[in-house]
Asker: 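Dumping the structure here so I can ask a few things about it.
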Amino acid sequence: MAQLIYVVEDDENIRELVSCTLESFAYDVKAFVQAEDMLAALEQTMPDLLLLDIMLPGMDGIAALGIIRKNPRSARLPVIMLTAKAGEVDRVRGLDCGADDYISKPFGILELTARVRTALRHAEQASAAIPQELSCGDIRMDCARHEVWQGERKVELTLKEYQLLELLLSNCRRVVPRDEILNRVWGIDFTGETRTLDMHIKSLRGKLQDNADAPRYIKTVRGVGYAFLERPE
């Protein structure tokens with residue numbers, strides 16, 4: 001069965017170009033002009049991938065992405081943002097809200113299809129063996145419910161923060177190299193600046209009430225990567 005891709009884009013020319021290109025690569029495509037219509041369609045049929053523009057009539061792409069990530073059914077849905085916003089702040093904002101990738105307009109069709117294949121492959125690898133629960137110290141991750149608990153306190157995370165914590169918990173006590181984190185959380189072909197990782201680590205530490213200078217959970221190993229501590233230091 002062909003993989004289903006939703007495309008949300010208000011520019012008719014771009015919408016038709018992307019749809020026709022993906023269909024030529026044997027994907028099933030359903031296109032939308034507004035995010036509200038796409039969200040309604042998600043309640044009926046979950047696609048394998050979503051291509052989402054940021055600047056849309058009505059609800060913008062960032063707001064729609066927030067709704068998608070809060071829904072357990074769609075929390076792991078691969079999402080690639082398509083947008084004319086090319087600044088670093090805008091890229092980081094999109095990624096921090098849970099986007100798996102970010103493509104600035106104008107973009108090449110070959111680049112788009114390559115990123116689509118990467119996102120789909122990464123999603124398949126991530127879902128191949130998802131444990132029911134991960135824990136280390138007083139941090140517990142309920143993978144089935146997509147929830148994180150610190151003792152009795154529920155911790156609200158973005159998708160990327162969740163995936164980052166999931167990787168560190170899965171490798172508790174082992175130093176996970178930066179390249180491995182970037183490859184496994186952002187995709188094997190991720191080419192963004194590694195500051196993206198540092199920003200997400202900082203954000204995750206803040207939500208866990210951790211201190212980089214005296215870590216209780218996430219320890220920085222200079223020049224190598226990060227490790228999740230079995231017991232607070």
Side-chain angles (χ1 to χ4, degrees), residues 65 69 75-76 78-81 85-104 114-115 118-119 121-123 125-131 133-143 146-151 153-233:
L65 183 58
R69 292 308 185 218
R76 292 179 178 272
V79 178
I80 299 177
M81 307 300 289
K85 290 178 172 289
E88 181 182 5
V89 172
D90 295 313
R91 290 199 304 272
V92 171
R93 179 170 174 244
L95 292 169
D96 193 47
C97 288
D100 294 271
D101 202 353
Y102 193 109
I103 304 179
S104 299
R115 289 177 182 260
T118 296
R121 182 173 65 248
H122 186 229
Q125 293 170 347
S127 63
I130 300 175
E133 184 175 296
L134 292 169
S135 63
C136 194
D138 63 346
I139 302 297
R140 178 174 60 86
M141 176 176 284
D142 186 331
C143 302
H146 209 264
E147 295 177 348
V148 174
W149 295 84
Q150 183 181 38
R153 183 178 73 93
K154 186 177 180 181
V155 183
E156 299 291 343
L157 302 178
T158 66
L159 180 66
K160 287 304 177 188
E161 291 166 352
Y162 180 94
Q163 292 174 336
L164 179 55
L165 179 60
E166 184 178 38
L167 176 59
L168 294 175
L169 284 176
S170 299
N171 293 271
C172 191
R173 301 181 300 278
R174 180 176 82 87
V175 179
V176 186
R178 295 176 64 89
D179 288 347
E180 180 179 341
I181 296 173
L182 287 168
N183 287 343
R184 294 182 60 180
V185 176
W186 278 271
I188 196 167
D189 297 322
F190 180 76
T191 57
E193 297 185 12
T194 58
R195 278 182 293 176
T196 298
L197 170 56
D198 298 327
M199 292 181 67
H200 280 78
I201 288 286
K202 180 179 180 180
S203 177
L204 180 57
R205 279 177 169 146
K207 293 182 179 181
L208 295 178
Q209 300 174 348
D210 202 5
N211 185 338
D213 296 325
R216 298 179 61 231
Y217 300 108
I218 302 173
K219 181 177 181 179
T220 301
V221 181
R222 299 294 179 186
V224 182
Y226 297 95
F228 199 92
L229 301 173
E230 183 176 16
R231 294 181 179 84
E233 290 189 345

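Values reported hereafter were calculated over all heavy atoms of this structure, with side chains retained and with hydrogens, waters and symmetry mates removed.
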Asker: Indicate the atoms forming the closest heavy-atom contact of Tyr217 with Asp210, along with that distance.
Answerer: N-OD2, 3.2 Å
Asker: Salt bridge (Lys or Arg N to Asp or Glu O under 4.0 Å) with Arg205: which residues, sequence neighbours excluded?
Answerer: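 For Arg205 there are no salt bridge (Lys or Arg N to Asp or Glu O under 4.0 Å) partners, ignoring immediate neighbours.
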Asker: If the condition is side-chain hydrogen bond (donor to acceptor under 3.5 Å, both in side chains), which residues does Asn171 pass it with, not counting sequence neighbours?
Answerer: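 In terms of side-chain hydrogen bond (donor to acceptor under 3.5 Å, both in side chains), with neighbours along the sequence ignored, Asn171 is linked to Arg174.
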Asker: Once side-chain contact (heavy atoms from CB on, under 4.5 Å) is applied, do any residues pair with Lys207, and if so which ones, sequence neighbours excluded?
Answerer: Val155, Leu157, Thr158, Glu161, Ser203
Asker: Rounded at 0.5 Å granularity, tell me how far CD in Gln163 sits from NZ in Lys160.
Answerer: 4.5 Å
Asker: Which residues satisfy the side-chain contact (heavy atoms from CB on, under 4.5 Å) test with Ser135, sequence neighbours excluded?
Answerer: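 Testing Ser135 for side-chain contact (heavy atoms from CB on, under 4.5 Å), a comparison that skips the adjacent residues, returns Arg140.
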Asker: Kindly give the heavy-atom pair with the smallest separation between Leu65 and Ala99, and that separation in Å.
Answerer: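 Between these two residues, the closest heavy atoms are CD2-N, 3.5 Å.
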Asker: List the atom of Pro78, the atom of Ala123, and the distance in Å for their closest heavy-atom pair.
Answerer: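 That would be CG-CB, 3.4 Å.
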Asker: Does anything in residues 155-181 pair up under ring-ring contact (aromatic ring centres under 6.0 Å, His included), and if so which pairs, sequence neighbours excluded?
Answerer: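 Every pair satisfying ring-ring contact (aromatic ring centres under 6.0 Å, His included) with a residue in residues 155-181: His146-Tyr162.
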Asker: Between Val176 and Phe228, is there a side-chain heavy-atom distance shorter than 4.5 Å?
Answerer: no
Asker: Using the rule given for salt bridge (Lys or Arg N to Asp or Glu O under 4.0 Å), can you reason through Asp100 versus Arg76, listing the C-alpha separation, both sets of side-chain angles and the distance that settles it, and then say yes or no?
Answerer: CA-CA 10 Å; Asp100 294 271; Arg76 292 179 178 272; over 6 Å; no
Asker: How about Ile218 and Tyr226: do any of their side-chain heavy atoms sit closer than 4.5 Å?
Answerer: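 With C-beta onward as the side chain, the pair touches.
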Asker: Enter the distance from Leu168:CG to Leu164:CG here, rounded to the nearest 0.5 Å.
Answerer: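 Output value for this atom pair is 5.0 Å.
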Asker: Within the 4.5 Å heavy-atom criterion, are Arg178 and Leu197 side-chain neighbours or not?
Answerer: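 Arg178 vs Leu197: side chains touch.
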Asker: Please say which of Leu208, Leu134, Leu229 ends up in a side chain to side chain contact (heavy atoms under 4.5 Å, CB included) with Ile139.
Answerer: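 When Leu208, Leu134, Leu229 are each tested with Ile139, the side chain to side chain contact (heavy atoms under 4.5 Å, CB included) holds only for Leu208.
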Asker: The criterion is side-chain hydrogen bond (donor to acceptor under 3.5 Å, both in side chains); which residues satisfy it with Arg153, sequence neighbours excluded?
Answerer: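 Gln150.
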Asker: Hey, what do you get for CE (Met199) to CD1 (Ile201), rounding to the nearest 0.5 Å?
Answerer: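 So the gap between those two atoms works out to 12.5 Å.
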Asker: Once you round to the nearest 0.5 Å, how far does NE2 of His200 lie from NZ of Lys202?
Answerer: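 Answer for the NE2-NZ pair, His200 versus Lys202, is 13.0 Å.
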Asker: Which heavy atom in Arg69 sits nearest to a heavy atom in Ala75, and how many Å separate them?
Answerer: NH1-O, 3.0 Å
Asker: Are the side chains of Glu133 and Met141 in touch, meaning some heavy atoms are under 4.5 Å apart?
Answerer: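 The answer is no; the side chains never approach within 4.5 Å.
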Asker: Atom CZ in Arg115, atom NE2 in His122: separation rounded to 0.5 Å?
Answerer: 14.0 Å
